[in-house]
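Below is one structure, written out as structure tokens; comments come after it.
Within every chain, numbering begins at 1; the chains are lettered A, B, ... in the order of the sequence lines, protein sequences first and strands thereafter. The structure displayed is predicted, hence computed values, not measured ones.
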Protein chains: 2
Amino acid sequence: MALPMLQLALDNKTLADALASTRVLAAEVDVLEAGTILCCSEGMQAVRCLKSLYPDRIVLADIKAADAGTILANMVYDNGADWMTVICCAPIATVETALAAARKCNQAADPAKTLTPLDVQVELTGTWSWEEAEAWRAAGISQVVYHRGRDAQAAGQSWGQEDLDKIRRLAGMGFALSITGGLVVEDLPLFAGIPIKVFIAGRSIRDAADPAAAARAFKAKIAELWS
Amino acid sequence: MALPMLQLALDNKTLADALASTRVLAAEVDVLEAGTILCCSEGMQAVRCLKSLYPDRIVLADIKAADAGTILANMVYDNGADWMTVICCAPIATVETALAAARKCNQAADPAKTLTPLDVQVELTGTWSWEEAEAWRAAGISQVVYHRGRDAQAAGQSWGQEDLDKIRRLAGMGFALSITGGLVVEDLPLFAGIPIKVFIAGRSIRDAADPAAAARAFKAKIAELWS
């Protein structure tokens with residue numbers, strides 16, 4: 001089973017604040033996520049600066065596209081993103097057009113200079129159905145983000161058996177999974193044995209007394225559980 | 001029945017391009033929408049500049065929030081937005097926290113200087129259910145955006161009886177409705193007799209040979225049908 005990657009969620013309100021985190025953390029993680037809050041605040045400048053500073057890191061634009069798949073996909077890829085998100089309730093046409101834009105960019109790219117193929121992830125925040133999941137798979141989606149929402153967490157919802165059952169079922173359908181939502185290193189054993197592609201952590205790393213050590217603790221626990 | 005307002009959707013890729021439209025159109029419309037594409041590209045700068053230039057127009061930040069309701073609501077209101085959108089599949093906690101942030105800002109505001117109370121609209125792009133609609137109403141949501149998606153349009157979906165039935169049922173539940181999705185002036189009679197709050201038009205006005213005349217044609221047809 002491949003070792004899950006570690007993604008740093010930059011849900012900062014300003015680019016300067018995000019860069020204060022990446023300065024000490026970019027070397028410790030595999031994926032840098034321009035979070036929804038950061039994209040909303042700073043726009044594509046955030047994505048552009050992350051790729052300029054860290055060309056050897058996967059940059060994810062968590063824009064949660066709900067429409068205008070072609071335009072938004074081309075926008076984030078033109079600005080240096082490797083991956084982007086589409087929200088789970090988006091029309092299937094949005095999923096399809098975003099994915100088509102990614103594939104078109106990939107065909108035009110020089111494989112020798114490609115860090116990772118551009119790709120689209122469906123973000124499972126809020127309500128979605130298994131029928132929709134089948135439709136994403138049929139459309140060619142290979143990555144989904146399983147999200148325990150920030151507001152749901154604040155409302156007291158924790159990781160539970162239902163989450164784990166859904167995550168296993170999604171993995172069984174062939175989806176590579178990113179796991180997110182207030183994740184702390186102590187949560188990782190819950191997912192042992194499941195082929196997770198990416199664990200996403202934000203505040204539990206960024207706000208730690210020693211952020212780099214917190215990131216290394218995640219990587220060490222991942223290596224221990226998935227090696 | 002109150003006269004529906006006209007909202008200009010600024011789904012431009014750059015702020016400069018959006019301002020080229022508002023220069024000739026701001027005086028002709030009631031609401032200026034910083035569209036999802038524009039917010040994604042330029043971030044809150046787009047919202048800030050629109051409110052700076054047009055303080056007597058309602059500014060809507062179409063960010064389609066799916067999580068982090070408090071942070072995103074405070075962000076858009078701090079930057080001058082009057083209204084914001086939450087995506088229909090967002091957890092109810094996101095709807096509630098965004099609305100609570102709006103109300104808190106309203107309580108702190110000077111009514112004499114208030115153009116319109118800050119508010120949250122639920123954006124009906126993609127899949128949603130009547131149970132969710134009941135939950136939004138129960139949470140205090142009074143505005144929804146009925147959206148025929150851009151990608152759905154491109155895939156050939158037109159305004160149909162099903163749209164109109166849903167719009168009437170939402171109005172019957174007490175929601176004020178904004179109607180959007182490739183709307184052209186010829187579509188307006190379809191909605192006659194329904195208490196629509198806002199019609200949203202973008203490219204059909206912005207890309208017209210005479211944009212101001214196109215906006216006036218919308219206003220004239222609205223006045224003819226709803227007076």
Side-chain angles (χ1 to χ4, degrees), chain A residues 11 13-15 35-47 61-72 74-76 78-79 84-98 123-129 131-132 147-157 181, chain B residues 11 13-15 35-47 61-72 74-76 78-79 84-98 123-129 131-132 147-157 181:
Chain A
D11 267 317
K13 289 186 210 165
T14 67
L15 178 56
T36 308
I37 292 167
L38 183 60
C39 288
C40 191
S41 173
E42 301 276 11
M44 285 300 105
Q45 167 138 299
V47 173
D62 186 18
I63 60 165
K64 298 184 173 62
D67 197 10
T70 306
I71 292 173
L72 290 174
N74 283 323
M75 184 187 290
V76 299
D78 284 350
N79 281 282
M84 68 171 273
T85 56
V86 167
I87 191 73
C88 52
C89 65
I92 194 69
T94 301
V95 173
E96 290 167 346
T97 52
E123 163 86 29
L124 306 180
T125 291
T127 44
W128 56 277
S129 70
E131 275 176 10
E132 288 168 326
H147 197 128
R148 190 167 62 114
R150 181 185 279 250
D151 294 325
Q153 291 164 49
Q157 288 175 37
Chain B
D11 267 317
K13 289 185 210 167
T14 68
L15 178 57
T36 308
I37 291 167
L38 182 61
C39 288
C40 190
S41 173
E42 300 276 12
M44 285 300 105
Q45 167 137 301
V47 173
D62 187 18
I63 61 165
K64 297 183 173 64
D67 197 10
T70 306
I71 293 173
L72 291 175
N74 283 323
M75 184 188 289
V76 299
D78 284 350
N79 281 282
M84 67 171 274
T85 56
V86 167
I87 191 73
C88 51
C89 64
I92 193 69
T94 301
V95 173
E96 289 167 346
T97 52
E123 162 86 29
L124 307 180
T125 291
T127 43
W128 55 278
S129 70
E131 275 177 9
E132 289 169 325
H147 197 127
R148 190 168 62 114
R150 182 185 279 249
D151 293 326
Q153 292 163 48
Q157 289 176 36

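In this structure, CG in B:D67 is found 4.5 Å from NE2 in A:H147, a value given to the nearest 0.5 Å. Atoms CD1 and CD1, from A:I63 and B:I63 in turn, are 13.5 Å apart once rounded to the nearest 0.5 Å. Interatomic distance, B:K13 NZ to A:D78 CG, rounded to the nearest 0.5 Å: 8.0 Å. In this structure, the separation between CD on A:Q45 and CD on B:Q45 is 9.0 Å, given to the nearest 0.5 Å.
At a 4.5 Å heavy-atom cutoff, the contact between B:E132 and chain A is made by side-chain atoms alone.
Inter-residue side-chain proximity for A:K64 and B:I87 is flagged as unmet; no heavy-atom pair is nearer than 4.5 Å. For the pair B:L72 and A:C40, the minimum side-chain heavy-atom distance is below 4.5 Å.
Ranked by heavy-atom pairs under 4.5 Å with chain B, the first of A:C89, A:G126, A:A90, A:S129 is A:C89. If you tally non-hydrogen atom pairs under 4.5 Å between each of A:E123, A:E96, A:M44 and chain B, the highest count goes to A:M44.
The two residues B:A66 and A:T125 have their closest heavy-atom pair at O-CG2, 3.0 Å.
Here B:S41 pairs with nothing under the side chain to side chain donor-acceptor pair (under 3.5 Å) rule; sequence neighbours left out.
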